[in-house]
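Notes for the one structure printed next.
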Number of protein chains: 2
Amino acid sequence: MKGIDQRVEAFEGQLRKAGLRMTQQRRLILRVLAEADDHPDAKGIFTRAFAHDPTLSLSTVYRTMKVLETQGAIERHAFEDGVSRYEHADQAHHDHLIDIESGAVVEFSSPEIEALQAKIAAELGYEIVRHRLELYGRKIKPARRKPGKKDA
Amino acid sequence: MKGIDQRVEAFEGQLRKAGLRMTQQRRLILRVLAEADDHPDAKGIFTRAFAHDPTLSLSTVYRTMKVLETQGAIERHAFEDGVSRYEHADQAHHDHLIDIESGAVVEFSSPEIEALQAKIAAELGYEIVRHRLELYGRKIKPARRKPGKKDA
DNA sequence: AACGCTATTGCAAACCACTTGCATCTGTCA
DNA sequence: TGACAGATGCAAGTGGTTTGCAATAGCGTT
């Protein structure tokens with residue numbers, strides 16, 4: 001948990017520059033996001049923030065998420081169930097592996113895949129603007145052995 | 001445009017086997033899907049089918065899509081806008097490149113990427129059940145030259 | 001420190017894609 | 001041909017997200 005306040009302050013400057021305001025609500029939502037280590041949806045963010053400010057409304061959360069996304073402060077993802085989930089954007093690019101049993105989201109990145117994507121797109125006459133890569137899988141139950149190398 | 005009738009017939013047998021019925025509506029929707037070379041959504045399918053049978057209802061389309069998906073006759077995709085789009089499933093596995101300017105969908109497949117995905121998942125202790133890979137890009141305007149190699 | 005302009009908020013209603021309850025209709029199979 | 005269970009149409013219901021509007025509150029200015 002490092003640098004949450006700095007992040008909020010930095011974002012405040014960013015907002016100001018855009019002629020927007022740093023309100024209590026935005027500060028709160030920003031904090032909730034910074035403290036989250038998962039990928040909460042709007043309702044999840046609302047619930048956590050609501051605990052600190054019972055006057056907050058869900059629509060403000062939605063509106064704030066849009067502002068944050070426009071400002072590039074967060075990223076929005078929609079996994080299989082279709083609901084938008086958010087994560088703060090101050091991390092390196094990565095894709096997601098979703099555990100279809102637990103719903104857990106694991107992040108990963110693969111320069112090789114990115115390179116291949118670019119190559120494929122180029123061959124089709126396109127340049128990639130963005131992409132979406134999600135793997136849906138289930139945990140491999142490791143063979144009951146000495147925890148060395150595992151088979152397939 | 002080959003084999004639409006055969007496809008419909010084959011699917012009829014498949015339905016029967018599952019204790020389901022081949023209705024006029026399903027026949028019609030199946031035909032619309034077989035004739036489609038794009039990735040229409042429910043409303044699009046409805047519109048096309050409705051032209052042939054004005055008594056058809058949108059809910060029947062949705063219900064039919066669910067049946068078709070369950071039977072493995074079609075695949076459902078949800079691109080960025082979140083609405084479900086469908087395509088018949090009698091083709092090889094592929095992913096999609098979406099032209100962000102025209103909305104056109106180009107299909108492609110890359111065994112190399114698939115292999116990398118499996119490798120990455122394995123390293124994280126997962127086996128992939130399914131995945132979603134979408135590239136969003138824009139057409140590269142070719143340099144006005146002899147169509148040889150192009151710059152960046 | 002108070003002022004005013006305008007962004008922002010809360011609330012409720014609206015939207016949109018999709019689903020569902022129910023009465024009716026229609027494949028299917030005997 | 002008849003009966004029964006599956007399928008349909010319609011309208012109402014869901015669930016996530018957006019929006020109109022009047023009230024509130026940042027923030028630069030005085």
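Just so it is clear: chains get the letters A, B, ... in the order the sequence lines come, proteins before strands, and each one is counted from 1.
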Residue pairs meeting side chain to side chain donor-acceptor pair (under 3.5 Å), one or both in residues 47-60 of chain B, sequence neighbours left out, come to B:D38-B:R48, B:D53-B:T55, B:S57-B:S59, B:S57-B:T60
Would you say B:S57 places a side-chain N or O within less than 4.0 Å of OP1 or OP2 belonging to D:dC10? no
Separation of C:dT26 atom P from B:D53 atom CG, nearest Å, is 11 Å
Self-check item: Student check: side-chain heavy atoms of A:Y86 and A:H77 closer than 4.5 Å
Solution: no
Atom NZ of B:K66 and atom C1' of C:dT20 are separated, to the nearest Å, by 9 Å
* Taking the side chain as every heavy atom from C-beta outward, state whether B:I74 and B:E87 have any pair of such atoms under 4.5 Å apart. => no
The helix from C:dA1-D:dT30 to C:dA30-D:dT1: angle between terminal helix axes, five bp per end, to the nearest 10 degrees, reads 30°
Are the side chains of B:M65 and B:I29 in touch, meaning some heavy atoms are under 4.5 Å apart?
yes
For residues 115-131 of chain A, the side chain to side chain donor-acceptor pair (under 3.5 Å) pairs (sequence neighbours left out) are A:H93-A:H131, A:D95-A:H131, A:Q117-A:H131, A:Y126-B:D99, A:R130-B:E80
Item to complete: Determine whether B:L15 and B:V67 make a side-chain contact, defined as any pair of heavy atoms from C-beta on separated by less than 4.5 Å.
Response: yes
Within residues 69-84 of chain B, those residues having any heavy atom closer than 4.0 Å to DNA chain C are B:V83, B:S84
When rounded to whole Å, the CE to P distance for the pair A:M65 and D:dT18 reads 11 Å
For residues 63-73 of chain A, the side chain to side chain donor-acceptor pair (under 3.5 Å) pairs (sequence neighbours left out) are A:E69-A:R76
Under a 4.0 Å heavy-atom criterion, the protein footprint on nucleotides 20-30 of chain D, written with B, S and -, is B----BBSS--
Check for me whether the distance between the ring centres of A:F108 and A:H94 falls short of 6.0 Å.
no
When rounded to whole Å, the CG to C1' distance for the pair B:L15 and D:dA5 reads 15 Å
Query raised in the report: Side chains of B:F11 and B:R26: does their closest heavy-atom pair fall under 4.5 Å?
Result: no
On DNA chain C, more 5' by nearest nucleotide between A:R26 and B:A42 is A:R26
Atom CZ of A:F46 and atom P of D:dT17 are separated, to the nearest Å, by 14 Å
To the nearest angstrom, the CG-C1' distance between A:D41 and D:dG16 comes to 9 Å
Evaluate B:L33 against B:L68 for side-chain contact (heavy atoms from CB on, under 4.5 Å), listing each step before the verdict. CA-CA 11 Å; B:L33 279 167; B:L68 293 176; 3.6 Å; yes
- Task: Please determine if a side-chain N or O atom of A:Y62 lies less than 4.0 Å away from the OP1 or OP2 oxygen of D:dT18.
- Result: no
Here the distance between atom C1' of C:dC18 and atom NZ of B:K43, to the nearest Å, is 11 Å
The residue, B:G19 or B:L58, whose nearest nucleotide of DNA chain D is more 5′ is B:G19
### Query
Would A:F79 and A:H96 count as a close aromatic pair, with their ring centres under 6.0 Å?
yes
